[in-house]
Chemist: 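Before we start, here is the structure in question, set down as structure tokens.
The figures here come from the full heavy-atom set of this structure, side chains too, leaving out hydrogens, waters and symmetry mates. Naming convention: chains lettered A, B, ... in sequence-line order (proteins, then strands); numbering from 1 in each chain.
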Amino acid sequence: MQPTHNDPRIQRILATVDCIPPGRVATYGQVASEAGLAGRARLVGRILAELPKGSHLPWHRVLQTGGGISPRSGPGPAEQRARLEKEGVVFTLSGRVDLKSAAWKPDETP
DNA sequence: AACATGACTTTCT
DNA sequence: TAGAAAGCCATGT
């Protein structure tokens, strides 16, 4: 079975991602830092990669530094972008999100 | 224990 | 501004 079972760190990451409101996005480093795992951005990515299918977790709101989508196998990236656009997130011609406007602030969680 | 892989980040060219 | 290389952390073989 898998790595992340009941580790509080992992739960914190999942909770942080789940706290990201629609129309806003956060970077891997941002989430990791909030979860108390600063510098472990890759761990966040790994967690999301292991996410089960039925997870309601807004994984699509997690982007790279600069607001770009991490390329990976499958319809992941395309679906991620589609979902974000549906939430009102604007993508630049470079395929990146304008963090100046869409960046999520942990203090602004309703 | 060592090597290889990956939803990352930073720096250099 | 875009592309390639190196570095860092955790997992799996």
Chemist: What closest approach, in Å, do Pro22(A) and Glu87(A) show between heavy atoms, and which atom pair accounts for it?
Modeler: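 So the two residues come closest at CA-OE1, 3.7 Å.
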Chemist: Quick one: does Arg42(A)'s side chain get under 4.5 Å of Arg46(A)'s, heavy atoms only?
Modeler: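 SC-SC contact between Arg42(A) and Arg46(A) ruled out.
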Chemist: Sugar-phosphate atoms are those with a prime plus P, OP1 and OP2; base atoms are the rest. Using that split, label each nucleotide of nucleotides 2-7 of chain B B, S or - for protein heavy atoms under 4.0 Å, 5' to 3'.
Modeler: ----BB
Chemist: Would you find a donor on one side and an acceptor on the other, under 3.5 Å apart, between the side chain of Thr92(A) and the backbone of Ser94(A)?
Modeler: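 Yes; at least one donor-acceptor contact below 3.5 Å.
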Chemist: I would like to know whether Leu63(A) and Gln80(A) meet side-chain contact (heavy atoms from CB on, under 4.5 Å); could you show each step before the answer?
Modeler: CA-CA 10 Å; Leu63(A) 307 173; Gln80(A) 181 172 16; 3.4 Å; yes
Chemist: Main chain of Arg12(A), side chain of Thr16(A): is a donor-acceptor contact present, judged purely on distance under 3.5 Å?
Modeler: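 Confirmed, Thr16(A) side chain pairs with Arg12(A) backbone.
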Chemist: Distance check needed: dT11(C) P versus Ile13(A) CD1, whole Å only.
Modeler: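 Answer to the nearest Å: 10 Å.
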Chemist: So which of residues 86-98 of chain A are in contact with DNA chain C, with a heavy-atom cut-off of under 4.0 Å?
Modeler: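 Hits under 4.0 Å, by residue number: Ser94(A), Arg96(A).
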Chemist: Are any non-hydrogen side-chain atoms of Ser55(A) and Glu50(A) less than 4.5 angstrom apart?
Modeler: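 A side-chain contact is absent here, since even the closest heavy-atom pair is not under 4.5 Å.
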Chemist: May I ask you to say whether Lys105(A) pairs ionically with Asp107(A), meaning some side-chain N is under 4.0 Å from a carboxylate O?
Modeler: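 Looking at Asp107(A) together with Lys105(A), the answer is no, because their closest N to O distance does not fall below 4.0 Å.
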Chemist: Using a strict threshold of under 4.0 Å (side-chain N to carboxylate O), is an ion pair present between Glu79(A) and Arg83(A)?
Modeler: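 Judged by the 4.0 Å cut-off on N to carboxylate O distance, Arg83(A) and Glu79(A) do form a salt bridge.
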Chemist: What is the distance, rounded to the nearest whole Å, between atom CZ of Arg40(A) and atom P of dG7(C)?
Modeler: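 Whole-Å distance recorded here is 19 Å.
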Chemist: Nearest whole angstrom, please: distance from the P of dT9(B) to the CD of Gln30(A).
Modeler: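 Answer to the nearest Å: 11 Å.
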